[in-house]
Amino acid sequence: MKKMIICFVVFLLSIGCGTPVKKKEFFNLSDISKEDYLSFGDEITFGNINYSNVMRDIYKDMNAGDTIDVVFRSVVNSVCKAKGCWMKVNIGDDDEVMIKFKDYGFFVPKDIENDTVIIKGKAFVNELSIEEQRHLALDAQKSKEQINAITTPQKTYSFLADAVLIKK
């Protein structure tokens with residue numbers, strides 16, 4: 001009887017320690033209530049929505065000139081204070097994505113820092129010129145010293161959004 005209990009405990013431990021649980025990489029649009037989100041741009045109609053850490057992995061595998069159609073969820077780090085014509089979102093490891101809006105066709109509210117967003121569109125790798133970086137810094141109301149400190153082009157993760165959902 002004692003051996004049987006020991007075998008049973010060893011069996012339970014082997015099941016519990018055997019295979020690590022894989023973190024979910026995406027969720028489905030049907031898992032959210034659209035009433036909980038404000039919608040901008042086109043409608044998001046297809047299923048899988050990637051988590052931001054998956055987007056980081058996708059971007060790390062991309063080269064300049066590559067594009068991919070994707071939907072992902074993230075948190076807004078900053079937004080254009082002049083018009084709401086761009087935003088930067090977090091994808092983990094201190095990486096962020098510069099989001100612009102297709103055909104300048106819609107803007108987002110200027111007060112959405114730290115809000116959760118779902119974004120649909122094209123991901124690509126871009127190089128920002130010094131002039132564009134300074135323009136964006138000016139839009140973000142950075143100091144003159146911070147703007148003047150921009151002296152080299154910067155490789156960035158970029159995104160052209162067709163649609164944005166912002167959690168209310």
Side-chain angles (χ1 to χ4, degrees), residues 26-60 62 64 66-168:
F26 61 87
F27 62 101
N28 197 284
L29 187 60
S30 63
D31 294 337
I32 67 167
S33 171
K34 287 192 177 183
E35 289 79 36
D36 293 338
Y37 289 82
L38 299 172
S39 180
F40 297 85
D42 295 342
E43 185 178 356
I44 298 176
T45 56
F46 60 91
N48 293 338
I49 300 169
N50 292 299
Y51 289 105
S52 57
N53 63 315
V54 173
M55 281 307 299
R56 183 186 62 242
D57 295 341
I58 290 170
Y59 273 112
K60 290 199 184 293
M62 293 177 72
D66 294 346
T67 63
I68 184 171
D69 290 320
V70 68
V71 180
F72 76 101
R73 181 178 79 173
S74 189
V75 174
V76 177
N77 284 347
S78 60
V79 64
C80 172
K81 296 300 183 191
K83 298 182 202 174
C85 60
W86 58 263
M87 64 181 169
K88 291 182 180 180
V89 299
N90 185 329
I91 57 170
D93 290 345
D94 294 325
D95 289 325
E96 55 184 15
V97 177
M98 167 58 90
I99 311 289
K100 293 188 178 178
F101 308 110
K102 185 178 178 184
D103 298 328
Y104 218 55
F106 64 96
F107 302 126
V108 295
K110 298 179 274 187
D111 62 348
I112 60 169
E113 284 90 358
N114 301 312
D115 285 358
T116 298
V117 292
I118 297 173
I119 310 155
K120 172 187 166 277
K122 291 191 182 306
F124 59 98
V125 176
N126 191 25
E127 187 170 284
L128 286 178
S129 68
I130 296 166
E131 294 77 28
E132 188 170 3
Q133 288 180 71
R134 287 181 175 177
H135 174 81
L136 295 172
L138 185 64
D139 282 353
Q141 300 178 337
K142 301 287 183 179
S143 71
K144 222 178 223 324
E145 293 79 24
Q146 290 171 307
I147 294 170
N148 291 335
I150 300 170
T151 58
T152 58
Q154 178 186 25
K155 180 180 175 182
T156 63
Y157 299 143
S158 301
F159 198 91
L160 186 60
D162 299 330
V164 175
L165 296 175
I166 302 171
K167 189 154 178 87
K168 293 180 184 176

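Model, not experiment: these values are computed from the prediction.
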Counting heavy atoms not belonging to K144, are there more than 12 under 6.0 Å from its NZ?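 Not more than 12 within 6.0 Å, no.
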Do D95 and K60 meet the salt-bridge criterion of a basic N to acidic O distance under 4.0 Å? yes
Could you tell me whether a side-chain N or O of [X] sits under 3.5 Å from a main-chain N or O of [Y], the two making a donor and an acceptor?
| X | Y | answer |
| --- | --- | --- |
| K168 | E35 | yes |
| Y59 | S158 | yes |
| R134 | I150 | yes |

Quick check: closest heavy atoms across [X] and [Y], and the distance to 0.1 Å?
| X | Y | answer |
| --- | --- | --- |
| K34 | I44 | NZ-O, 3.2 Å |
| V89 | V76 | CG1-CA, 4.1 Å |
| A161 | I99 | CB-CG2, 3.9 Å |
| K81 | K110 | NZ-O, 2.9 Å |
| N77 | E113 | O-CG, 3.4 Å |
| V79 | D111 | CG1-N, 4.4 Å |

Would you check if [X] and [Y] make a side-chain contact, meaning some heavy-atom pair closer than 4.5 Å?
| X | Y | answer |
| --- | --- | --- |
| F40 | V117 | no |
| L128 | P153 | no |
| N90 | E96 | no |
| C80 | F107 | no |
| I166 | P109 | yes |
| V70 | M55 | yes |
| V125 | D66 | no |
| R73 | Y51 | yes |

How about F106 and F101: are their ring centres within less than 6.0 Å of each other? yes
Nearest-0.5 Å distance, [atom1] of residue [X] to [atom2] of residue [Y]:
| X | Y | atom1 | atom2 | value |
| --- | --- | --- | --- | --- |
| D69 | D162 | CG | CG | 7.5 Å |
| N53 | S74 | CG | OG | 10.0 Å |
| K142 | N148 | NZ | CG | 14.0 Å |
| L160 | I119 | CG | CD1 | 11.5 Å |
| I130 | I147 | CD1 | CD1 | 14.0 Å |
| L165 | I49 | CG | CD1 | 7.5 Å |

We want to know whether Q154 and T156 form a side-chain donor-acceptor pair, criterion being a heavy-atom distance below 3.5 angstrom.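 No, T156 and Q154 have no side-chain donor paired with an acceptor closer than 3.5 Å.
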Report yes or no: do E132 and S129 form a side-chain donor-acceptor pair below 3.5 Å? no
Derivation and outcome, side-chain contact (heavy atoms from CB on, under 4.5 Å), residues I58 and Y157: CA-CA 10 Å; I58 290 170; Y157 299 143; over 6 Å; no
Aromatic rings F159 and F72: how do their planes relate, parallel, tilted or perpendicular, breaks at 30° and 60°?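 F159 and F72: perpendicular rings.
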Show the numbers, then the answer: is there a side-chain contact (heavy atoms from CB on, under 4.5 Å) between I112 and M87? CA-CA 9 Å; I112 60 169; M87 64 181 169; 4.0 Å; yes
